[in-house]
Every structure is written in C-alpha cells, then in structure tokens.
2 protein chains.
Amino acid sequence: MSDTEPSWDFYRTFLTVMQEGSLSAAARELGLTQPTIGRHIDALETSIGFQLFIRSTQGLIPTEAALELRPHAEQLAAKAAALLRAASGQGGGVRGTVRVSASEMIGVEVLPPMLAALKDEHPNLIIELSLSDSVEDLLRQEADIAVRNITPTQDALIVRRIGNIPIGLHAHRRYLDKHGTPEKLEELPLHRTIGYDRESAYVRALRRSVPLMDLMQPSFRADSNLAQIAAIRAGFGIGACQVKLAKRDPDLVRLFEAEFELPLETFVVMHENLKTTPRCRVTFDALVDGLLAYIGR
Amino acid sequence: MSDTEPSWDFYRTFLTVMQEGSLSAAARELGLTQPTIGRHIDALETSIGFQLFIRSTQGLIPTEAALELRPHAEQLAAKAAALLRAASGQGGGVRGTVRVSASEMIGVEVLPPMLAALKDEHPNLIIELSLSDSVEDLLRQEADIAVRNITPTQDALIVRRIGNIPIGLHAHRRYLDKHGTPEKLEELPLHRTIGYDRESAYVRALRRSVPLMDLMQPSFRADSNLAQIAAIRAGFGIGACQVKLAKRDPDLVRLFEAEFELPLETFVVMHENLKTTPRCRVTFDALVDGLLAYIGR
DNA sequence: TGTCGCTCATGCATTTGTGTATATCAGATA
DNA sequence: TATCTGATATACACAAATGCATGAGCGACA
C-alpha cells in the first residue's frame with residue numbers, strides 16, 4: 001500500500017471500466033488505449049491495496065470492493081462534470097452548458113419546443129437533457145435544473161410550483177370502434193387497459209386515491225410513461241396520460257372526463273447556488289414560463 | 001479551447017493553488033515542483049478557455065472565474081477523499097478511516113475519551129475529527145458521521161437523538177470572590193459577562209427564548225465556545241457553558257441553577273449509505289453510547 | 001475444426017510530463 | 001544601497017507514461 005494519494009484520473013478510469021465492463025471498451029470511451037487503462041487500474045489497485053477486478057479474457061469482473069467504490073466514483077464524476085459546466089458558463093452573458101433533468105414524458109413531449117425557443121434566444125447556450133425521475137439529481141449536481149412531480153423536501157433548493165397537469169383516461173378511436181366505449185367506470189375491468197409494471201411509490205399513492213385501480217388488471221404493463229402513451233396511440237387499450245398531450249391527437253378520445261382526473265403536481269427546481277448563474281437563471285425562467293403556459297395557467 | 005476533458009488531477013492542482021496562494025506553496029503541498037504546478041494551471045486554462053490566475057512575481061491572483069470554480073473543486077476534493085476513506089475500509093472487519101464532525105466544544109471536551117476507547121477496541125480504525133458546525137458536511141461527504149445540535153432536516157440521513165445537554169451560567173470562584181455573587185437575575189447586567197461575537201442563528205434563537213439576554217452587554221465576546229469557557233475558567237466573568245463540563249472543575253460555580261437552564265439538543269447523524277459500513281457503524285454506535293452516558297441518560 | 005471477434009498481457013519505441021538548475025522580479029530588512 | 005527571501009518563468013536532461021504491435025485465451029458460429 002503506497003502512501004501517496006492516487007491520481008484522480010485513475011478514479012475516472014476506474015469508473016469508466018466499471019461502466020463499460022472491459023479495459024478495451026473503457027479505452028475507446030476515454031480516447032486512450034487498452035494497455036494504458038490496464039496500467040491505470042494496476043496502479044490504483046496497488047495504491048489502495050486491494051484488487052478491484054478479476055481479469056478474464058472476456059472482460060473484467062468487479063470485486064465486492066469495486067462495487068462498493070462505484071457510487072463514490074460516480075459522484076466524483078458528477079462533481080467534475082458540474083465543475084466543467086460552471087467553467088463553460090464563464091465569459092459574460094448567457095453561455096455554457098446547462099443540464100436539465102425531467103421525467104421521460106415531460107422531457108420528450110413537453111420540453112423540446114421550450115428548449116428550442118430558449119436556444120434561439122441564447123445561441124451560446126448548450127442544453128443537456130437528462131431523462132430521470134431521481135430526486136437526488138440536483139444535490140449530487142447531476143443536473144442544474146429539474147422538473148419534478150413531487151414536492152422537493154430538501155433545503156437549499158429554489159422551488160417554483162407550476163401547478164397541476166391533468167391526467168385523464170384515454171383510448172384511440174380505433175380501439176373504441178372495435179371494442180366499444182365504456183359508459184360506466186365499472187365496465188373498465190372488461191376492457192384492455194394499460195398500467196404500470198412495478199409497484200413504484202407513485203403507483204401505490206395512485207392506488208390509494210383511486211380505489212378503482214385495484215380492479216383493473218392491466219393487459220399492457222410498462223413503467224415507461226412513453227411506452228404507455230405509445231400503446232394508447234397504437235390502439236392497444238385504455239390508459240392514463242396527460243390530457244394536454246392527448247388533445248394533440250384528434251383520434252385520442254378522453255374517457256370519463258367527469259369521473260376521472262388525476263392532478264400531477266409540477267415543480268421547477270434549482271440549487272440555490274446557481275440562481276446568480278446566468279445560464280441557469282434564464283433556463284429556469286424559461287422552463288417556468290413555458291410550463292405555466294403549457295398547463296394554461 | 002481544447003475539446004478534450006482536462007485531467008482531473010488539474011482540478012486538484014487548481015484547488016491547492018487556490019488554497020495555498022502560490023504555485024510554489026501548492027508544489028510543496030502536493031509533493032511536486034513549482035514548474036509542474038505552473039504547467040498544470042497553464043494546461044487547465046487552455047483547456048477551459050479562460051484565465052484562472054493573474055501571475056505576479058509575488059504569487060498568483062485568482063480571477064473572478066477561479067473564485068467561482070473554487071467551491072466546485074472543493075466538493076470534488078471532498079468526494080475524492082470520501083472515495084479514499086471508503087477504500088480504506090475494505091478488507092473485512094473494522095478498519096480504515098472514519099471522519100467525525102462535531103462542534104469545537106464537543107470535539108475538544110467531550111469526544112476524545114470516547115474516541116480513545118473506540119480506538120482501543122478497534123486498533124485498525126483511523127479517526128479523523130473535523131471541528132465544524134456546518135450542517136452540510138454529511139451531504140457533501142466532508143464527514144462520515146456528525147454530532148449536531150440542531151435537528152437535521154435532510155432525508156437520507158440516519159439521525160439518533162441523544163437528548164439535551166444542559167447549559168448553565170457559570171463563573172469562577174475567584175471572580176465571585178472579587179465581584180460578589182449575584183443573587184437575582186436582574187443583577188446580571190451589573191456583572192462582567194461573556195457572550196457571542198456575531199449574531200448567529202443560534203444566538204437569535206437564544207434571545208427569543210431568554211428575553212433577559214437582551215439586557216446583557218457582554219464585556220467579552222467570542223464566537224468560539226472554547227474561548228468562552230476559557231474566559232470563564234480564567235475568572236473573566238459570568239458565561240454560559242455545559243453544566244457537565246463546569247462540574248469537572250470544582251472552582252467553577254453554577255449560578256441561578258433554578259432560574260436558568262438551556263437545553264442543547266444533541267444528535268448523532270450519519271448518511272444512510274454508510275450504515276452497513278463496519279467502520280462507520282461501530283463509530284456511530286460508540287458515539288451514541290458515549291454521548292448517552294455523558295448526558296447521564 | 002477453423003475462423004472471426006472479442007478480450008487482456010507484454011515488449012519496445014516514442015511521446016509526454018517532470019525535476020533540476022538558473023534567471024528574473026518584487027518586497028522586506030538592515 | 002545591499003541583501004535575503006519569497007515569488008514565477010524558462011532551458012534542458014531525464015524519467016515516466018503512453019501508444020503500437022504482437023501474442024495468447026475464450027466464445028460464437030459456420
């Protein structure tokens with residue numbers, strides 16, 4: 001065990017090897033060569049005093065220790081990326097990289113036009129969009145700004161409440177023509193429905209507020225809201241999706257408009273430290289304005 | 001502006017230069033030479049595309065940009081240190097480095113015997129003690145375990161409430177012999193008292209709960225509780241300190257035992273991810289047990 | 001079985017980075 | 001003014017890290 005601190009570059013190499021699964025793949029990723037990567041890992045291992053990988057001819061198998069160090073290396077990488085983003089914003093005016101995190105649905109269906117307009121206004125702005133629902137993004141600085149659907153509990157965050165995005169039950173006209181349009185909620189179990197795959201916290205909360213959900217045995221299960229809306233559009237059956245999104249397609253029919261509507265609370269969140277940073281400031285404002293317009297105030 | 005990501009080692013060099021104020025000092029700190037440090041900074045500057053320091057013959061003056069990047073580099077360093085601590089704990093059993101954060105008072109007067117006993121029990125444990133009251137330590141992983149006096153609001157933390165450490169007014173017998181012992185609280189303004197220098201959040205809360213405090217114009221002001229207790233011990237005047245600590249010195253007299261007692265809530269806090277880590281687990285337990293014993297259950 | 005594609009390991013030439021030594025400048029002190 | 005101590009910058013030699021080329025092992029597939 002050497003007494004001197006290992007090069008921080010070794011941590012990056014280590015993480016890349018963990019992510020890619022082999023020295024060669026990590027080398028391609030980092031723009032280095034496989035022998036170099038191998039030597040980095042060797043050096044890191046001797047430095048910390050234990051083995052990180054079991055070498056095999058079909059790749060590297062991480063040891064327990066390596067698995068335990070991985071999250072640390074990921075956080076390190078997140079910080080390094082955040083530093084680089086901060087650096088990219090230097091030089092006056094609105095410039096540099098801003099990283100936005102949003103759910104798949106919001107990120108794919110709702111944000112793009114807003115971000116496009118923002119880019120038109122600020123040509124020097126580079127926008128990264130990370131599709132994730134993790135609440136910890138901002139604190140780990142994996143993103144600068146997040147669009148979230150639950151109240152952020154953490155301090156040190158600037159939270160702007162947008163309002164409720166209405167969720168309704170929808171089906172494609174083609175499906176309804178073939179299988180009939182349910183008149184009463186009780187008929188729902190007789191229909192092909194689209195639901196969640198795993199029992200996430202959100203789904204459990206949903207079950208509590210809508211007891212009816214328990215009766216439904218979805219014939220199409222997907223955790224991805226995007227996959228769900230794709231299934232609705234494909235005429236697979238009846239599913240829940242944002243009312244505003246469904247309205248864009250004239251062939252999507254809303255069902256039980258009076259009886260069924262879930263509110264999806266929406267927030268735009270940013271770390272307090274970034275509020276004076278021009279690139280984050282304008283992006284935050286643009287998202288707030290855009291989303292307010294989207295829900296129709 | 002180069003397109004390739006700078007070496008993470010450059011970040012470490014940058015931070016050290018910021019901390020030390022010169023290339024030469026940073027070189028000594030890092031065990032490298034001044035030309036090497038200079039080249040690192042050069043490389044980092046060309047990589048991010050703007051100047052970080054204005055060179056002068058008596059050191060380096062950081063630019064605005066450098067000042068803005070510094071906190072990012074510090075967080076990066078904290079993460080790197082946390083990774084290394086995690087690595088130090090590998091290998092089975094209780095081993096490696098654990099970093100404890102506590103207030104000056106607790107860290108100097110209360111913890112040392114507990115930590116000594118802990119070390120006796122686990123010889124392979126290396127204990128780092130960081131004296132700080134910052135609440136963000138744990139989230140930034142600047143420490144593994146913290147002893148705090150306010151309720152931690154953040155999620156993802158394991159919080160163990162210890163109880164209240166009683167704070168009382170005390171003076172040295174020598175002072176009382178010379179200036180008399182106040183009989184009523186109203187006499188306090190006539191005495192030499194010891195108080196806080198700046199209006200911290202804690203002091204404001206204290207003022208609210210003890211209106212009398214407003215009448216006192218401390219003749220000795222210090223933010224450091226250690227300095228305050230030192231002043232009490234030196235017979236400077238009347239000040240507040242932990243009752244348990246005062247009891248250790250037979251010449252310290254408690255005043256207004258019936259009328260004045262502030263509770264100092266105490267918690268031991270750890271990040272949830274560390275609860276399965278042996279070195280953190282045993283240290284957490286030792287601190288909880290030790291502090292419970294200290295307040296006398 | 002032979003070949004292709006992937007992997008890691010190793011020897012060697014080259015590039016890159018580092019250290020040593022030195023020059024230069026600014027400020028404090030006698 | 002002379003001197004000492006701190007700082008950065010630069011030239012040059014050396015050490016260290018990297019890339020290249022190659023060898024060898026394993027699995028998929030024809």
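Each chain gets a letter, A, B and so on, in the order its sequence line appears, and its residues count up from 1. As the structure is a computational prediction, the values presented were derived from the model and not from experiment.
Looking at A:Leu139 and B:Leu139, their side chains never come closer than 4.5 Å, going by heavy atoms from C-beta outward. The closest side-chain heavy-atom distance from B:Leu157 to B:His271 is below 4.5 Å. Side-chain contact check for B:Tyr11 versus B:Pro6: some heavy-atom pair is nearer than 4.5 Å.
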At under 4.0 Å between heavy atoms, how does the protein contact nucleotides 12-26 of chain D? Give one character per nucleotide, 5' to 3', with B, S or -.
------BBBB---BS

Atom pairs and distances, donor-acceptor, side-chain atoms in residues 70-85 of chain B, under 3.5 Å, two or more places apart:
from: B:Arg70; atom 1: NE; to: B:Glu74; atom 2: OE2; distance (Å): 3.0
from: B:Gln75; atom 1: OE1; to: A:Lys79; atom 2: NZ; distance (Å): 2.4
from: B:Lys79; atom 1: NZ; to: A:Gln75; atom 2: OE1; distance (Å): 2.5
from: B:Lys79; atom 1: NZ; to: B:Gln141; atom 2: OE1; distance (Å): 3.0
from: B:Arg85; atom 1: NE; to: B:Asp144; atom 2: OD1; distance (Å): 3.3
from: B:Arg85; atom 1: NE; to: B:Asp144; atom 2: OD2; distance (Å): 2.9
from: B:Arg85; atom 1: NH2; to: B:Gln141; atom 2: O; distance (Å): 3.1
from: B:Arg85; atom 1: NH2; to: B:Asp144; atom 2: OD1; distance (Å): 3.2

Determine all donor-acceptor pairs shorter than 3.5 Å in which one atom belongs to a side chain in residues 226-235 of chain A; sequence neighbours excluded.
from: A:Gln228; atom 1: NE2; to: A:Gly195; atom 2: O; distance (Å): 3.3
from: A:Gln228; atom 1: NE2; to: A:Ala222; atom 2: O; distance (Å): 2.8
from: A:Arg233; atom 1: NH1; to: A:Glu109; atom 2: OE2; distance (Å): 3.3

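Residue pairs satisfying the side-chain hydrogen bond (donor to acceptor under 3.5 Å, both in side chains) criterion with at least one member in residues 18-35 of chain A, sequence neighbours excluded, are listed as follows: A:Thr33-A:Thr36.
Within the 4.0 angstrom heavy-atom criterion, no nucleotide atom of any strand lies near B:Gly38.
When rounded to the nearest whole Å, the span between CG of B:Leu60 and P of D:dG6 equals 17 Å.
Under the 6.0 Å distance and 45° angle rule, A:Arg192 does not count as a cation-pi partner of A:Phe220.
A donor-acceptor pair under 3.5 Å links the side-chain atoms of A:Thr63 to the main chain of A:Leu52, judged by distance alone. The backbone N or O of A:Ala43 sits nowhere less than 3.5 Å from a side-chain atom of A:Ser47 that would complete a donor-acceptor pair.
Using a 4.0 Å cutoff to heavy atoms of chain B, the contacted part of DNA chain C runs 5' to 3' from C:dT18 to C:dG27.
For DNA chain C, the residues of residues 18-29 of chain A within the heavy-atom distance limit of 4.0 Å (strictly under) are A:Ser22, A:Leu23, A:Ser24, A:Arg28, sorted by number.
The existence of a salt bridge linking B:Asp9 and B:Arg12 is confirmed by a sub-4.0 Å separation between a basic side-chain nitrogen and an acidic carboxylate oxygen.
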